Protein chains: 4
Amino acid sequence: MGVDFQPDKPIYQQLIDRLAGEIIRSIRKPGDKLPSVREYAVETGVNANTIQRVYREMEQMEIVQTKRGQGTFVTEENARLVSLREDMKQQYVEAFVKDMRELGFTTTEMIRGLEEYHDEQEDRDD
Amino acid sequence: MGVDFQPDKPIYQQLIDRLAGEIIRSIRKPGDKLPSVREYAVETGVNANTIQRVYREMEQMEIVQTKRGQGTFVTEENARLVSLREDMKQQYVEAFVKDMRELGFTTTEMIRGLEEYHDEQEDRDD
Amino acid sequence: MGVDFQPDKPIYQQLIDRLAGEIIRSIRKPGDKLPSVREYAVETGVNANTIQRVYREMEQMEIVQTKRGQGTFVTEENARLVSLREDMKQQYVEAFVKDMRELGFTTTEMIRGLEEYHDEQEDRDD
Amino acid sequence: MGVDFQPDKPIYQQLIDRLAGEIIRSIRKPGDKLPSVREYAVETGVNANTIQRVYREMEQMEIVQTKRGQGTFVTEENARLVSLREDMKQQYVEAFVKDMRELGFTTTEMIRGLEEYHDEQEDRDD
DNA sequence: GTGGTCTAGACCACT
DNA sequence: GTGGTCTAGACCACG
């Protein structure tokens with residue numbers, strides 16, 4: 001049971017997260033070419049405009065780079081990529097803590113919550 | 001730091017979270033009367049319709065109960081309230097973990113992130 | 001499970017129905033004195049104004065009669081009481097059928113629904 | 001006839017019932033797109049906010065699903081739709097029986113009432 | 001163009 | 001005075 005809640009994140013955000021995750025995990029490496037907007041749109045079953053936005057925002061974050069007429073590439077600037085990982089962690093942690101505190105949870109409870117959730121799932125690799 | 005940033009949650013959601021937090025923390029106890037729609041609207045500086053929605057949704061979640069012509073009250077059914085706390089923790093933790101994993105973080109890193117963030121802030125009591 | 005829905009009827013309506021039912025079933029007979037407004041308010045745990053309204057509306061329906069300084073009585077006029085039973089049945093049936101049809105149910109299904117519901121409950125006397 | 005009479009249900013409820021009826025009767029099938037909020041507002045002559053509410057509540061009931069920027073659709077999850085029909089019947093029957101019993105009617109009388117009411121109307125096909 | 005949020009303000013039903 | 005419904009109309013986020 002439970003209530004329900006927590007509306008889905010916007011698709012473009014989900015895709016940014018996914019791509020960022022792949023870059024962070026080195027599934028996509030500096031200099032790699034990303035799929036073309038159309039390709040990726042088809043691959044993900046999403047409107048091309050949405051992919052456009054994904055690439056545009058990632059470019060603003062400087063984690064990808066568009067080369068005229070050639071496509072979009074994972075940025076070569078390695079420093080940016082390193083900080084990216086920490087930046088994103090920071091951001092998500094902050095938002096989470098802010099929400100949880102508003103609900104009256106202590107940091108200790110949050111950590112315990114993570115541990116419990118983690119333990120409830122066997123096949124995890126970390 | 002980063003570029004990206006999370007847009008604010010809708011006001012009515014923020015208020016639900018705030019009230020839920022107050023109930024969870026026993027600042028508002030079972031049977032307590034909540035401020036009237038109009039009162040709370042003034043108090044929070046938002047429109048009465050928005051408060052209406054807050055109360056309506058909380059009623060659907062069964063954490064609040066409205067008595068015709070009398071007002072809105074924290075539900076007496078204590079079991080619901082206890083599970084509420086866990087439900088909400090569960091929900092937020094899950095969403096957080098899901099996001100973080102997509103970004104390639106391990107549970108250990110998430111916990112470390114929480115601890116670091118917590119340590120960076122003095123005046124905390126937990 | 002299921003959804004939820006069907007908000008409670010207003011209290012004064014519930015009380016009218018209850019009293020009407022008692023009169024229909026001859027639990028309260030023509031000429032019987034009803035409890036005073038205050039008495040009945042205490043007995044039912046309801047605001048005296050609400051009881052006021054109950055008696056007022058029942059008077060308009062001519063099923064009770066107020067005698068100045070003496071109280072409220074079940075009407076002596078027997079004809080009214082006989083038709084009352086049919087009137088109310090008629091009214092409720094109509095409303096029910098109207099709702100059910102809007103939802104796409106046939107009369108046959110409604111009847112079957114009643115029968116099934118009835119069968120699901122042992123301790124019934126009819 | 002009587003004096004009493006039931007006040008209209010709120011518009012948004014009527015519209016929910018109507019749409020639910022259409023879905024139950026397969027006039028609208030799983031996957032079908034509902035009219036846009038604004039379209040349906042015009043079509044029904046009510047305010048767009050009211051339609052919003054209709055769609056929102058139907059979504060909570062899981063009989064409808066909204067896809068960001070694309071519209072609102074009859075849920076594909078057929079199981080939900082099947083149970084919906086029974087759920088709604090159940091709910092309405094229960095409420096009706098509860099009311100009628102309070103008024104002192106037996107199941108047999110209720111059924112007879114339905115039959116009579118049905119017979120009084122010619123052009124019915126069921 | 002789609003749904004979603006919010007406002008300001010009217011009006012109603014119930015207690 | 002309490003909650004509840006509805007409107008008209010603005011503005012935003014998403015695809």
Side-chain angles (χ1 to χ4, degrees), chain A residues 7-15 37 41 44-54 56-57, chain B residues 6-15 33-42 44-59 64-73, chain C residues 7-16 37 41 44-54 57, chain D residues 6-15 33-42 44-59 64-73:
Chain A
D8 291 354
K9 280 205 274 191
I11 292 179
Y12 80 88
Q13 265 291 2
Q14 293 177 36
L15 289 176
V37 169
T44 54
V46 154
N47 188 299
N49 290 323
T50 305
I51 304 295
Q52 275 290 17
R53 176 162 187 184
V54 169
R56 188 183 349 119
E57 305 231 336
Chain B
Q6 350 256 123
D8 289 354
K9 285 201 247 188
I11 294 177
Y12 77 90
Q13 265 292 1
Q14 295 177 37
L15 290 175
K33 185 178 180 308
L34 296 183
S36 84
V37 169
R38 290 160 176 83
E39 261 175 38
Y40 204 47
V42 172
T44 55
V46 302
N47 187 282
N49 283 319
T50 303
I51 303 296
Q52 263 288 18
R53 178 163 185 187
V54 169
Y55 284 5
R56 191 193 327 136
E57 305 233 328
M58 292 183 80
E59 191 170 18
V64 124
Q65 212 172 340
T66 118
K67 295 182 189 164
R68 331 178 129 263
Q70 302 188 56
T72 305
F73 302 80
Chain C
D8 290 355
K9 281 206 271 192
I11 292 179
Y12 80 89
Q13 265 290 5
Q14 293 177 37
L15 290 176
I16 290 175
V37 169
T44 54
V46 153
N47 189 300
N49 290 323
T50 304
I51 304 295
Q52 275 289 17
R53 176 163 186 184
V54 169
E57 305 230 337
Chain D
Q6 349 256 123
D8 289 353
K9 285 201 248 187
I11 294 178
Y12 78 90
Q13 265 291 2
Q14 295 177 36
L15 289 176
K33 184 179 181 306
L34 295 183
S36 85
V37 169
R38 290 161 176 83
E39 260 175 37
Y40 204 46
V42 172
T44 54
V46 303
N47 187 282
N49 283 319
T50 304
I51 303 295
Q52 261 288 19
R53 179 161 184 188
V54 169
Y55 284 5
R56 193 194 326 137
E57 305 233 326
M58 291 183 79
E59 190 171 18
V64 124
Q65 213 173 337
T66 116
K67 295 182 189 163
R68 331 177 130 265
Q70 301 190 56
T72 306
F73 301 79

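Source: prediction; values computed, not measured. Lettering follows sequence order; numbering is per chain, from 1.
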Which atoms form the tightest heavy-atom contact between [X] and [Y], and what is the distance?
| X | Y | answer |
| --- | --- | --- |
| D:Lys33 | D:Ser36 | NZ-N, 4.1 Å |
| A:Ile51 | A:Thr44 | CD1-OG1, 3.8 Å |
| A:Asn47 | A:Ala41 | C-CB, 4.4 Å |

- Message: Distance check, rounded to the nearest 0.5 Å: D:Thr66 atom OG1 versus D:Leu34 atom CG?
- Response: 10.5 Å

- Item | Separation between OH of B:Tyr12 and OG1 of B:Thr50, rounded to the nearest 0.5 Å | 10.5 Å

- Query: NZ of D:Lys33 versus P of E:dG3: gap in Å, rounded?
  - Reply: 5 Å

Between the protein and nucleotides 4-8 of chain E, are there any N/O to N/O pairs under 3.5 Å, and if so, what are the atom names and distances?
{"unit_1": "E:dG4", "atom_1": "OP2", "unit_2": "D:Gln52", "atom_2": "OE1", "d": "2.8"}
{"unit_1": "E:dG4", "atom_1": "N7", "unit_2": "D:Gln52", "atom_2": "NE2", "d": "3.0"}
{"unit_1": "E:dT5", "atom_1": "OP1", "unit_2": "B:Tyr12", "atom_2": "OH", "d": "2.7"}
{"unit_1": "E:dT5", "atom_1": "OP2", "unit_2": "B:Arg53", "atom_2": "NH1", "d": "2.9"}
{"unit_1": "E:dT5", "atom_1": "OP2", "unit_2": "B:Arg53", "atom_2": "NH2", "d": "3.0"}
{"unit_1": "E:dC6", "atom_1": "OP1", "unit_2": "B:Ile11", "atom_2": "N", "d": "2.2"}
{"unit_1": "E:dC6", "atom_1": "OP2", "unit_2": "B:Tyr12", "atom_2": "N", "d": "3.4"}
{"unit_1": "E:dC6", "atom_1": "N4", "unit_2": "D:Asn49", "atom_2": "OD1", "d": "3.0"}
{"unit_1": "E:dT7", "atom_1": "OP2", "unit_2": "B:Asn47", "atom_2": "N", "d": "2.9"}
{"unit_1": "E:dT7", "atom_1": "OP2", "unit_2": "B:Thr50", "atom_2": "OG1", "d": "2.7"}
{"unit_1": "E:dA8", "atom_1": "N7", "unit_2": "B:Asn47", "atom_2": "ND2", "d": "2.8"}
{"unit_1": "E:dA8", "atom_1": "N6", "unit_2": "B:Asn49", "atom_2": "ND2", "d": "2.4"}

- Do the side chains of C:Gln52 and C:Glu57 get nearer than 4.5 Å, heavy atoms only? no

- Message: Side chains of B:Val46 and B:Leu15, heavy atoms from C-beta outward: is any pair under 4.5 Å?
- Response: yes

- Query: Is it true that a side-chain atom of B:Gln65 and a backbone atom of B:Glu59 form a donor plus acceptor pair closer than 3.5 Å?
  - Reply: no

- Task: Go ahead and write out DNA chain E as dot-bracket, 5' to 3': ( ) for pairs within the strand, [ ] for ones crossing earlier pairs, | when the partner sits on another strand, dots for unpaired; Watson-Crick or G-U wobble, both distances under 3.5 Å.
- Result: ||||||||||||||.

- Message: Is B:Ser36 close enough to F:dG1 that one of its side-chain N or O atoms is under 4.0 Å from OP1 or OP2 there?
- Response: no

